[in-house]
Amino acid sequence: MPNPRVIYWFRTDLRLHDSPALKAALDLNPECLYPIWTWDPHYVYRARVGPNRWQYLLDCQSDLSKSITKLNPQSKLFLIREAPQTLFPKLFKQWKITHLVFEKDTDAYGRERDQKVMALAAEAGVEVVVRYGRTLYDPDELVKQNHGKPTMSLNQVQAAGKKIGEIPRPIAAPTSLPDPGDTSLDFEQEVPESKPDINAIQREGEEESYAKLAGPNGDFAIPTMEELGLKPATTQHRGGETIALKMLDEIIANEDYTATFEKPKTAPTAFEPQATTLLSPHMHFGSLSCREFYWRCQDVVDKYKGHASQPPTSLTGQLLFRDMYFGAQASLGFAFGQTYGNSHCRFIPWHIPSKIDTSSGLITGEYLVDNAQAEIYFQRWREGRTGFPWIDALMRQLKYEGWIHHLGRHAVACFLTRGGCYVDWERGAEVFEEWLIDHEAACNIGNWQWLSCTAFYTQFYRCYSPIAFPQKWDKEGNFVRKFVPELEKYSQKYIYEPWKAPIADQKKWGCIIKGDGSSTLIDGKKAYPKPMFDFPTQREICIEGMRNAYHIGLYGNDSKVLDGTWRKLFSNDAEGPTEGSKGPPGAMVEHEDADGQEENDVHEPPGPKTSRRGEADNKRITGNETEIKYHKREASQRTLDGMVTRKKKRNNSDIADHT
DNA sequence: GTAGCAGTTGCAGTG
DNA sequence: CCACTGCAACTGCTA
C-alpha cells in the first residue's frame, strides 16, 4: 500500500476547527495533502448569488488559505477553475491521488454532484472518505430516526435526535498540515457551459472565472471580485474563520446574553449593533462549526446560575430549527424547494407562479405573470418601494447589507405572500437566495414555507402588520430613518404611515408622499411612494384566499395539482390564477393571447376594468394615481416559451393519473 | 380513536 | 409596563 496522497475538497466547511472530515483526512497520515476548492459552475452560473455573498465567500477562502499557510508555508487553499465533475479524473491521475476526502452535503444539487464524483473516484481507484459536520445531526440519520419522514416540527427533531445520541463535541483544529505534493496541471482545461447564466445581472465586467486552470497567474490564487466581473459588494459584513471565532468568543463571554437569549424578544429594528449574533453566514460557509457554537452555548447554559432560556427560543433552539430544515430537505430533495410535486407543501394558487418543466417536474427558474398588478406588487416589494416604510427599510437593508433580522424576514415574507400581495413564496425565496449573505437553501426554503403557511406553520390568520409590528421595538422609527432616509424628518406619529401626514407637514419635512417610488424626485421635490394598497383590505383578501385554499386542502403532489385540474375546485372569484376549469400543470395559466404581446409591458398597469370585488377594489390605493382593478386574464402578458401547450398538459395528466 | 392542549416571534382592546 | 381576552380556527402531539 503506497503512502496516502490525499485531496481534501473544501465545500461547505471553510474552516480548520471542528471538521470531522479534515480530521479523517489527517488520520490517514498522508504523505501529501492537497487542500483544494473547485470552481463549481453551478455556483458561478446557476445559483442566484449577489455580490455580497460572493465577497463573503472570497473572504472565507482567503482567510482559510492564510490559516493553512500558517500551519505549513508550502500549503494553501488551491483554487482550481474547473467543474469537479470534469476536473477530478485528470487531477487523480496527475497528482497520483489515493484518497479523496470531503464533508457530506445533503443539498439536492450537492448529492447529485457528489454521486458523480464518487463514481469517478471509484473508476480511478481512488478511495473516498466522507464525514459529516455541517449540522448538529446528520440529516439522513435524523430522517431515518423520524420514521423515514421529513422533519416537519422541532418536536420531531428533538425526538429523533435523542435516538441518535449526543451531539458530537467539537474537534480541535490541526496544529500541522502535511505538504502538498507536485501541483503541476499538465492537462487541458474543460471550460463549462456558461449558458444559462443566471448571475449575468450580478456582473458589470468581463467574467473570467475559467480563464486559466490555476488562475491568471498560475498560482491557484483566490479570485478577486474584478476577476469574476462582479459588481462591488456593499455589505459591511465580513467572512472568514478568524472573524467567526472572534465573534463567537465575544458572544460566549457575555454569559447573560448567551444563556437567556430568546429570539422573539430580540429587536428586528436594532442596528449598530444588531440584536442577534450575525453568525448565520459563517455557518453557511462553514467558517464556523454549528457544533462548536452549540456546545459553547450549552456549556454556558449548564453552569448558568440564573434562569436560562430553552429551545425553541434559545440559541441552541435556533440551531435545532436549522437541523429541522436540513432534515426536510434531505428527505424531499429537489421537491422541497418548490410546491409542485412536494408532498409536504400546501398548494395555494399564488399569483406569479413558477414555470414548470413537465419532463422533470422541476420549476424552471422562470415564472408566469398571471396578473399584472401582482407583478407590480412583487417588483415594488423587491425594490423597497411599497410605500410601507417598515417593509421598504427591510428590503433596502437586505439588498445593501445582505442581512436582516429574522423577524424582519418574517415581516417581508408574510407581506409578500399570505399577508399582503398573495404572491408565490417561490418568488420571495429567489430574491432572498440572491441577496442574503447567509443564504442556506434548506433554511431559506423552509422559512418561506413557514411564513407563507404552506408548511411547518398553519396559523395564517396571524398576520404581521407593517405598522403595528415594528412599533413593538422601535416607536421612534429609527430603523426606518436609517434605511429610508427620505423620511428622516418625519415625526414619530407618521413614520410608519407617512401617507397620513398632512401635506403641510410633508412639505415641512422635505419629502412628499406621492407616486409609485419609480422616481425619488417628483416635480423637483423629494418623494416617497404612496402605499401600493390598503393594507387592512388586502389582508382580508389574503386571509379569505388562505382559508379557502386550506379548506380545499391540496398538497403539491396531489394529482390535481400535477395535471392542473385543481382549477375545478377553486372558484373563479378566488384569489390566484384560477380562471376557468382547465389549465396546464401547477399554478401556471393558459396564455391564449400571449402572441404578439411585448415581453416587458408587465410593468404597465392595465387600464381600468370592471371590478370583481366591488368595495374592496375601490379602496385600493395605487402608486400612480390611477385606480387599478384587476382581472385574472388580462394580465397574461408573458410570451410562453412553447413549453406549455394543451397537448403537453394532456400528456401530463395521463402520467398523473397513473401515479 | 379522539379530545384537549400547545405551537419560536399577531393584533387590538381591556384591566 | 405586564397579562389577559377575543379574533376565528390550523396541525401536531399527548394522554
Practice problem: Return one dot-bracket line describing DNA chain B 5' to 3' (Watson-Crick or G-U wobble pairs, both distances under 3.5 Å; ( ) same strand, [ ] crossing, | another strand, . none). | Solution: .||||||..||||||
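- If you look at A:F285 and A:Y56, their ring centroids are closer than 6.0 Å.
- Atom pair A:K149:NZ and C:dG12:P shows a separation of 11 Å (rounding to whole Å applied).
- Judged by distance alone, with hydrogens and angles left aside, the side-chain atoms of A:H351 form no donor-acceptor pair with the main-chain N or O of A:D370 at under 3.5 Å.
- Using a 30° and 60° split on the angle between ring planes, A:Y494 and A:W509 fall in the tilted class, from 30° to 60°.
- Regarding A:M546, its CE atom lies at a distance of 10 Å from the C1' atom of C:dC10, rounded to whole Å.
- Summarising the geometry, the separation between CE on A:M324 and C1' on C:dT11 is reported as 13 Å, rounded to the nearest angstrom.
- The SG atom of A:C345 lies 10.0 Å from the CG atom of A:N557; values are rounded to the nearest 0.5 Å.
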Practice problem: Heavy atoms under 4.0 Å is the rule here; annotate nucleotides 3-9 of chain B 5' to 3' with B where the base is hit, S where only the sugar-phosphate is, and - elsewhere. | Solution: ----BBB
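- The distance between atom NE2 of A:H551 and atom C1' of C:dA8, rounded to the nearest whole Å, is 15 Å.
- Distance alone, capped at 3.5 Å, places no donor-acceptor pair between the A:T258 side chain and the A:E255 backbone.
- Distance check on atom C1': B:dC5 versus C:dA9 gives 14 Å, rounded to whole Å.
- Ring geometry for A:F469 versus A:W473: interplanar angle over 60°, hence perpendicular rather than tilted (30 to 60°).
- Among the atoms of the strands shown, none is found under 4.0 Å from any heavy atom of A:R539.
- In this structure, A:Y325 and A:F456 have perpendicular ring planes: the angle between them is above 60°, well past the 30° mark.
- Between the P atoms of C:dC4 and B:dA6, the separation comes to 13 Å (whole Å).
- Looking only at distances, a side-chain donor or acceptor of A:Q538 sits under 3.5 Å from a matching main-chain atom of A:G420.
- We find that OH of A:Y496 is positioned 17 Å from P of B:dG10, with the value rounded to whole Å.
- The nearest whole Å value for the distance from the CG atom in A:N548 to the C1' atom in C:dA8 is 16 Å.
- The side-chain contact (heavy atoms from CB on, under 4.5 Å) with A:M395 is formed by just one residue from the set A:W390, A:W435, A:Y400; it is A:W435.
- Following rounding to the nearest Å, A:Q156 (CD) and C:dC13 (C1') show an atom-to-atom distance of 10 Å.
- On the C1' atoms, B:dG1 is 16 Å away from C:dG12, given to the nearest whole Å.
- Taking atom P on both C:dA8 and B:dG7, the two are 24 Å apart, rounded to the nearest angstrom.
- The distance from atom NZ of A:K475 to atom C1' of C:dC1 is 12 Å, rounded to the nearest whole Å.
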